[in-house]
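Contents: one structure, followed by commentary.
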Amino acid sequence: MKTSPVFTQADPHSARSASCRLRCRSRTVRALRERVAAWLASVRDEAIALEPKLPVDDRAADTWEPLISVADLAGGRWPVIARTACKTMTDYESGRDQEGGLKTRILTDIRKAFANVGNPPALRTTHLLDLLNADPEAPWSEHSPKGLTPRGLQILLDDYGIGSGNRRFPDGSQAKGFTPAQFTDAWTRYCPPENPAAEAPPATGA
């Protein structure tokens with residue numbers, strides 16, 4: 001499950017912080033839990049029907065929609081505070097994501113790479129990297145002095161929970177690689193629809 005980034009800074013004037021143990025405050029926690037449960041029950045129908053307007057889209061929207069919904073249900077100043085926090089944190093993360101587009105671009109280009117070799121049931125990591133780095137319209141050959149590397153590819157895919165694994169190929173060999181099934185959900189969520197006319201017929205391996 002995706003989570004929102006939280007940035008914290010220690011108080012320089014505090015020599016130490018007091019620990020908080022639930023068992024020492026069980027009565028307080030139980031009372032708070034009961035209040036939250038009662039409030040949730042009172043807004044359940046409204047929450048189900050709620051479709052909040054978000055200042056972000058794509059992956060960030062998936063992450064922030066529940067939090068923005070809670071803020072809208074709480075009312076008062078919370079909707080503004082939540083949306084400001086959402087935009088600020090998302091912009092910060094986008095800056096760390098090399099202009100914010102590579103993690104979506106890699107999905108689209110991997111889908112294209114599979115299609116270009118006939119949509120095999122699996123691709124070796126080395127073959128996939130060769131295809132990505134050879135694409136003159138893609139930024140991967142300049143991703144590092146050696147182009148996009150296995151490590152660089154893994155960093156880009158980490159947010160989607162996708163990683164290479166040991167695969168067996170039609171020639172009987174085994175190597176690290178990827179299967180299209182690993183990307184199905186991410187392709188559906190974050191990539192523009194494919195052009196059916198451009199799809200290549202399935203192949204037996206690569």
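Applying the ring-ring contact (aromatic ring centres under 6.0 Å, His included) criterion to Tyr160, with sequence neighbours excluded, gives Tyr190. With sequence neighbours left out, the side-chain hydrogen bond (donor to acceptor under 3.5 Å, both in side chains) criterion links Glu46 to no other residue. Not a single salt bridge (charged side-chain N to carboxylate O under 4.0 Å, His left out) links Asp158 to another residue, sequence neighbours left out. Applying the salt bridge (charged side-chain N to carboxylate O under 4.0 Å, His left out) rule to Asp135 yields the partners Lys112; only residues at least two apart in sequence or on another chain are considered.
Under the 4.5 Å side-chain heavy-atom criterion for ILVMFWY residues, a single connected hydrophobic cluster contains both Leu32 and Val43.
Atom NZ of residue Lys103 and atom CD1 of residue Ile155 lie 9.0 Å apart, to the nearest 0.5 angstrom. Here the CG-SG distance, from Leu107 to Cys191, works out to 4.5 Å after rounding to the nearest 0.5 Å. Atom-to-atom distance recorded for Gln154:CD and Lys176:NZ is 9.5 Å, nearest 0.5 angstrom. The distance from atom CG of Leu131 to atom CG of Leu148, rounded to the nearest 0.5 Å, is 11.5 Å. Rounding to the nearest 0.5 angstrom, the gap separating the OG1 atom in Thr149 from the CH2 atom in Trp140 is 11.5 Å. Here OG of Ser164 is found 12.5 Å from CG of Leu123. Values are rounded to the nearest 0.5 Å.
The two residues Glu137 and Arg105 have their closest heavy-atom pair at O-NH2, 2.8 Å. Of all non-hydrogen atoms in Arg111 and Pro192, the two that sit nearest each other are NH2-O, 2.8 Å. Listed here is the closest heavy atom pair of Ile106 and Leu132: CD1-CD1, 3.9 Å. Shortest non-hydrogen contact noted between Asp109 and Ala138 is OD2-CB, 3.5 Å.
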Check against side chain to side chain contact (heavy atoms under 4.5 Å, CB included), Thr179 and Phe114: CA-CA 9 Å; Thr179 67; Phe114 269 96; 5.8 Å; no
Candidate pair Val117 and His127, rule side chain to side chain contact (heavy atoms under 4.5 Å, CB included), full reasoning: CA-CA 10 Å; Val117 293; His127 190 183; 4.2 Å; yes
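For residues 140-151, no residue pair satisfies the salt bridge (Lys or Arg N to Asp or Glu O under 4.0 Å) rule, not counting sequence neighbours.
At least one side-chain heavy atom of Trp187 sits under 4.5 Å from a side-chain heavy atom of Pro180. Looking only at side-chain heavy atoms (C-beta outward), Leu157 and Phe178 come within less than 4.5 Å of each other. Using a 4.5 Å heavy-atom cutoff, the side chains of Leu102 and His143 are in contact. In this structure the side chain of Leu54 never reaches within 4.5 angstrom of the side chain of Cys86, judged on heavy atoms.
Looking at Arg124 and Ser173, their side chains do bring a donor and an acceptor atom within 3.5 Å of each other.
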Name the atoms and distances for all side-chain donor-acceptor pairs under 3.5 Å in residues 66-82, with sequence neighbours left out.
{"residue": "Ser69", "atom": "OG", "partner": "Glu65", "partner atom": "O", "Å": "2.8"}
{"residue": "Asp72", "atom": "OD1", "partner": "Arg83", "partner atom": "NH1", "Å": "2.8"}
{"residue": "Asp72", "atom": "OD1", "partner": "Arg83", "partner atom": "NH2", "Å": "3.4"}
{"residue": "Asp72", "atom": "OD2", "partner": "Arg83", "partner atom": "NH2", "Å": "2.9"}

